[in-house]
Structures are given as structure tokens and as C-alpha cells.
**Student:** 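Okay, here's the structure, questions in a sec.
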Amino acid sequence: MTNEKVDYSIVIPVYNEEEVIEHTYERLKTVMQSADGNYELLFINDGSRDKSVDILLQLSEQDKTIKIVDFSRNFGHQIAITAGMDYASGNAIVIIDADLQDPPELILEMIQKWKEGYDVVYAKRTARKGETFFKKQTASAFYRTLRAMTEIDIPIDTGDFRLIDRKVCDQMNNIHEKNRFVRGLVSWVGFKQTAVEYERDERFAGETKYPLKRMLKLSLDGITSFSYKPLKLANYLGAFLSVIGFVYMLIVLYQKLFTTTTVTGWSSIIVIQLFFSGITLMMLGVIGEYIGRIYDEAKNRPLYIVKDIYQHEQASAKPFV
Ligand code: UDP
Ligand code: MG
């Protein structure tokens with residue numbers, strides 16, 4: 001990619017968004033044309049299997065602000081925005097979803113704050129439209145649990161829609177963690193941060209690419225990368241249960257030595273057995289989550305593989321080699 005500097009880089013992760021991508025482009029275009037500087041629209045195609053790339057290529061024939069980084073397969077949303085930050089050349093970098101759930105018009109407000117001297121301007125959701133009760137509740141519980149579990153200040157109800165300054169982006173690019181929770185990392189690097197508020201719209205078209213399984217993975221990445229508390233839980237639970245076990249042992253011994261009560265105890269043994277094996281397995285699972293992530297770090301594979309990069313060269317967009 002050429003090193004031509006721009007004022008603003010807009011990073012848009014795209015995964016099977018053929019139904020919306022053109023609208024997104026148009027709205028972004030309108031907004032960015034009213035901004036006071038030059039810009040690039042950096043689309044990261046995260047292994048879409050539909051026509052997203054073809055549509056983008058077509059658009060890029062008339063618009064040289066479009067750049068496309070095309071992944072060799074689907075690597076996931078967090079990795080896609082990481083690649084966006086790697087390739088962005090702007091002085092300010094904005095990360096925005098492709099499905100118009102994040103209103104592009106808010107970018108102007110973010111730029112305003114950036115000019116006032118803030119290095120990170122994140123968009124905080126005051127409401128979420130068109131999402132299921134279940135998604136809203138789980139998301140809300142997740143942000144609050146995460147906040148309670150970590151020492152760093154991760155803002156609640158805030159996704160990845162944000163503006164970051166070049167110097168924050170450079171710091172982010174130095175972090176090579178594999179199972180990334182980008183919004184946590186942005187909080188972790190620090191700098192002067194502020195929020196702008198907005199109501200999250202419905203998806204323009206298409207359906208969510210974050211089914212429950214991916215939401216769980218993201219939550220676990222968030223928690224494990226910023227907290228040891230789940231590991232400590234094993235300690236606390238163990239200590240608590242030992243105390244109960246010890247008290248019960250005293251009762252049993254008393255009954256045996258000083259009373260004639262016959263101990264029939266089969267049910268209690270089975271119940272205790274099941275309960276404790278459940279807890280043991282669960283805690284092994286917690287340890288497993290951490291070990292799996294250590295394993296990923298140890299393998300040290302690249303975060304993503306780029307198949308092609310398209311950007312404007314003379315009259316038409318061609319792969320850049
Ligand atoms: N996305 C991506 N790779 C994925 C899943 C999603 O690049 O594996 C993109 C998607 O195209 C969208 C953004 O990430 O631009 C957010 O995804 P989505 O809207 O499905 O998530 P939700 O808003 O439902 O949480
Ligand atoms: Mg969405």
C-alpha cells in the first residue's frame with residue numbers, strides 16, 4: 001500500500017455485507033465529503049463469500065479514496081479491524097461497522113472532539129434498536145461483568161465504533177496479542193479519552209454475523225485478556241467448600257461416636273460426588289481457556305493473511321504488488 005498520508009482513515013470490516021455495502025459507502029461518502037480534510041475508505045474484506053468484494057471493486061473504479069484489503073479467509077471481526085489499523089495511513093482513524101448500525105454522521109462529532117485534543121473518542125450506545133431482548137440483556141450483563149472483573153477502565157455499552165489518533169494507532173499496532181479484544185486494548189493503552197453518545201440503529205439489511213457462539217468467544221477473550229479473576233475463583237471456591245466439608249466431617253464423626261443414628265448416607269454421597277466433580281470440571285475448563293490462549297501465543301502465527309490489496313492506480317483498481 002502506498003504511504004500517501006491522509007487526514008482521516010475510515011476502517012470498515014466487511015463480512016458478507018452485499019446487501020448493505022453500497023448504502024454504507026454512499027452514506028460514508030456524504031459524511032466524509034463534508035469533513036475538512038482528505039480521507040481514505042479502507043474496507044477490510046474478511047473472507048466474504050458473497051458479492052461484497054465485487055461491489056467494492058466496482059465502486060472503486062470511480063472513487064480513488066477506496067482501498068480494499070482482501071483476506072485469504074474469514075479471520076473474524078476483531079482481526080479485521082486490527083488489519084485496518086495496520087494499513088490505515090490517516091492522522092485519525094475511525095472504525096465503523098459496515099451494516100449502518102453505527103451512524104456515519106457521528107464521525108463528524110468525533111472529529112470535533114479529536115480537534116479539541118482527545119486521542120480516543122468512543123461512541124457510547126444509549127439505546128439499541130432492532131436487537132433481540134436476549135442480545136441486549138447479554139450484552140449489558142457482559143459489559144458490566146467485564147468492568148467488575150478488570151482493573152482497567154473499559155467503558156460500558158461501547159463497541160468498536162470509535163476514532164483514535166495516529167499515536168494511539170501506532171501503540172495498538174505494537175500489540176501482537178492473538179485473541180484480541182480491541183476495545184479493551186484501546187482502553188489499556190490509555191491517552192486522553194472521551195465519549196460521544198448515540199442510539200444504535202437497526203441493521204440496514206442482512207443478519208448479524210455475531211451469533212451466540214461468537215459472542216461467547218468475544219466475551220471470553222475480553223475477560224481472559226484482562227483478568228485473572230476466573231482463575232482465582234478456583235481458589236476461593238476450593239477454600240469455601242473445604243470449610244463446609246470440614247464442618248460436615250465433624251458432624252458425621254459426632255454421630256458415629258456419640259449417637260446410635262445409623263448413617264444411611266447413599267444419597268448424600270452421590271449428591272456431593274456430583275456437585276464436586278461438576279465444580280472440578282468447570283474449574284479445569286477455566287484453566288483450559290487460559291492454556292488455549294497461551295498455546296495460541298506460543299505458536300505465534302500471523303494474525304491474518306492478506307490475499308490481495310486493491311487501490312486506485314491510474315484509471316482502474318488493480319491488485320497492488
Ligand atoms: N464482521 C467481520 N468479520 C466477521 C463478523 C463480522 O468483519 O467474522 C463485520 C461485519 O461485516 C460488520 C461488523 O463486523 O461490519 C459487525 O458485525 P455484526 O453487525 O454482524 O455484529 P453485531 O452488530 O450484530 O454485533
Ligand atoms: Mg451489526
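When a ligand or atom number is given, it counts from 1 through the structure's own listing order.
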**Student:** Which of the numbered atoms in ligand 1 are under 4.0 angstrom from any heavy atom belonging to Glu17?
**Tutor:** 10 (C), 11 (O), 12 (C), 15 (O)
**Student:** Is there a donor-acceptor contact under 3.5 Å linking the side chains of Thr82 and Arg180?
**Tutor:** yes
**Student:** At a 4.0 Å threshold, what atoms of ligand 1 neighbour a non-hydrogen atom of Gly76?
**Tutor:** 3 (N), 8 (O)
**Student:** Whether the side chain of Asp102 engages the backbone of Asp97 through a donor-acceptor N/O pair (distance < 3.5 Å, no angle test) should be reported.
**Tutor:** yes
**Student:** When you compare the side chains of Lys307 and Asn45, does any donor N or O come within less than 3.5 Å of an acceptor on the partner?
**Tutor:** no
**Student:** Would you tell me whether Asn179 and Lys217 have side-chain atoms, one donor and one acceptor, within less than 3.5 Å of each other?
**Tutor:** yes
**Student:** Any idea which of Ile12, Asp160, Asp99 brings a heavy atom closest to atom 19 (O) of ligand 1?
**Tutor:** Asp99
**Student:** How about Lys29: does its NZ atom have over 12 heavy atoms from other parts shown lying under 6.0 Å from it?
**Tutor:** yes
**Student:** Nearest to atom 4 (C) of ligand 1, what protein heavy atom do you find, and at what distance?
**Tutor:** Arg214 NH1, 3.2 Å
**Student:** Could you find the nearest protein heavy atom to atom 14 (O) of ligand 1 and give me its residue, atom name and distance?
**Tutor:** His77 CD2, 3.0 Å
**Student:** Taking atom types as modelled, find out whether Ser187 and Arg183 have a side-chain donor-acceptor pair closer than 3.5 angstrom.
**Tutor:** no
**Student:** In terms of residue, atom name and distance, what is the protein heavy atom nearest to atom 25 (O) of ligand 1?
**Tutor:** Lys135 NZ, 3.0 Å
**Student:** Got the closest protein heavy atom to atom 20 (O) of ligand 1, with its distance?
**Tutor:** Lys209 N, 2.4 Å
**Student:** Should the pair Lys299 and Tyr295 be classed as cation-pi, given the thresholds of under 6.0 Å to the six-membered ring centre and 45° from the axis?
**Tutor:** yes
**Student:** Considering non-hydrogen atoms of the protein only, which is the closest contact for atom 24 (O) of ligand 1, and what is the distance?
**Tutor:** Thr208 OG1, 2.6 Å
**Student:** Any idea which N/O/S atom from Asp99 gets closest to the Mg ion (ligand 2)?
**Tutor:** OD2
**Student:** Which is it for Arg200 and ligand 1 at heavy atoms under 4.0 Å: side chain, backbone, both or neither?
**Tutor:** side chain
**Student:** For atom 18 (P) of ligand 1, find the nearest protein heavy atom and state the residue, atom name and distance (0.1 Å precision).
**Tutor:** Arg203 NH2, 3.5 Å
**Student:** For Phe142 and Phe181, take the angle between the two ring planes, folded into 0 to 90°, and tell me which bin it lands in: parallel under 30, tilted 30 to 60, perpendicular over 60.
**Tutor:** perpendicular
**Student:** In the protein, what heavy atom is nearest to atom 17 (O) of ligand 1, and what distance, to one decimal place, separates them?
**Tutor:** Tyr210 CD1, 3.9 Å
**Student:** Can you name the atoms of ligand 1, numbered from 1 with element, that are less than 4.0 Å from a heavy atom of Gln101?
**Tutor:** 19 (O), 22 (P), 23 (O)
**Student:** I'd like to check which ligand 1 atoms, numbered from 1 as shown, lie under 4.0 Å from a non-hydrogen atom of Asn74.
**Tutor:** 3 (N), 4 (C), 8 (O)
**Student:** When you look for heavy atoms under 4.0 Å from ligand 1, do you find them on the side chain of Asp46, its backbone, both, or neither?
**Tutor:** side chain
**Student:** Side chain, backbone, both or neither: which part of Ile44 comes within less than 4.0 Å of ligand 1 when only heavy atoms are counted?
**Tutor:** neither
**Student:** For ligand 1, which atoms, with element, lie under 4.0 Å from some heavy atom of Tyr15?
**Tutor:** 1 (N), 2 (C), 3 (N), 4 (C), 5 (C), 7 (O), 8 (O), 11 (O)
**Student:** Could you tell me if Gln101 and Arg200 have a donor-acceptor pair between their side chains, going purely by distance under 3.5 Å?
**Tutor:** yes
**Student:** What's the shortest distance from atom 16 (C) of ligand 1 to any protein heavy atom, and which residue and atom give it?
**Tutor:** Asp97 OD2, 3.4 Å
**Student:** Students often mix this up, so state it plainly: with edges at 30° and 60°, are the rings of Tyr254 and Phe258 parallel, tilted or perpendicular?
**Tutor:** tilted
**Student:** Can you find an N or O of Pro13 that's nearer than 3.5 Å to an N or O of ligand 1?
**Tutor:** yes
**Student:** For a quick check under 3.5 Å, do Asn38 and Tyr8 share a side-chain donor-acceptor pair by atom type?
**Tutor:** no
**Student:** A quick test of your reading: do over 12 heavy atoms of other residues, nucleotides or ligands sit less than 6.0 Å from CD of Glu18?
**Tutor:** yes
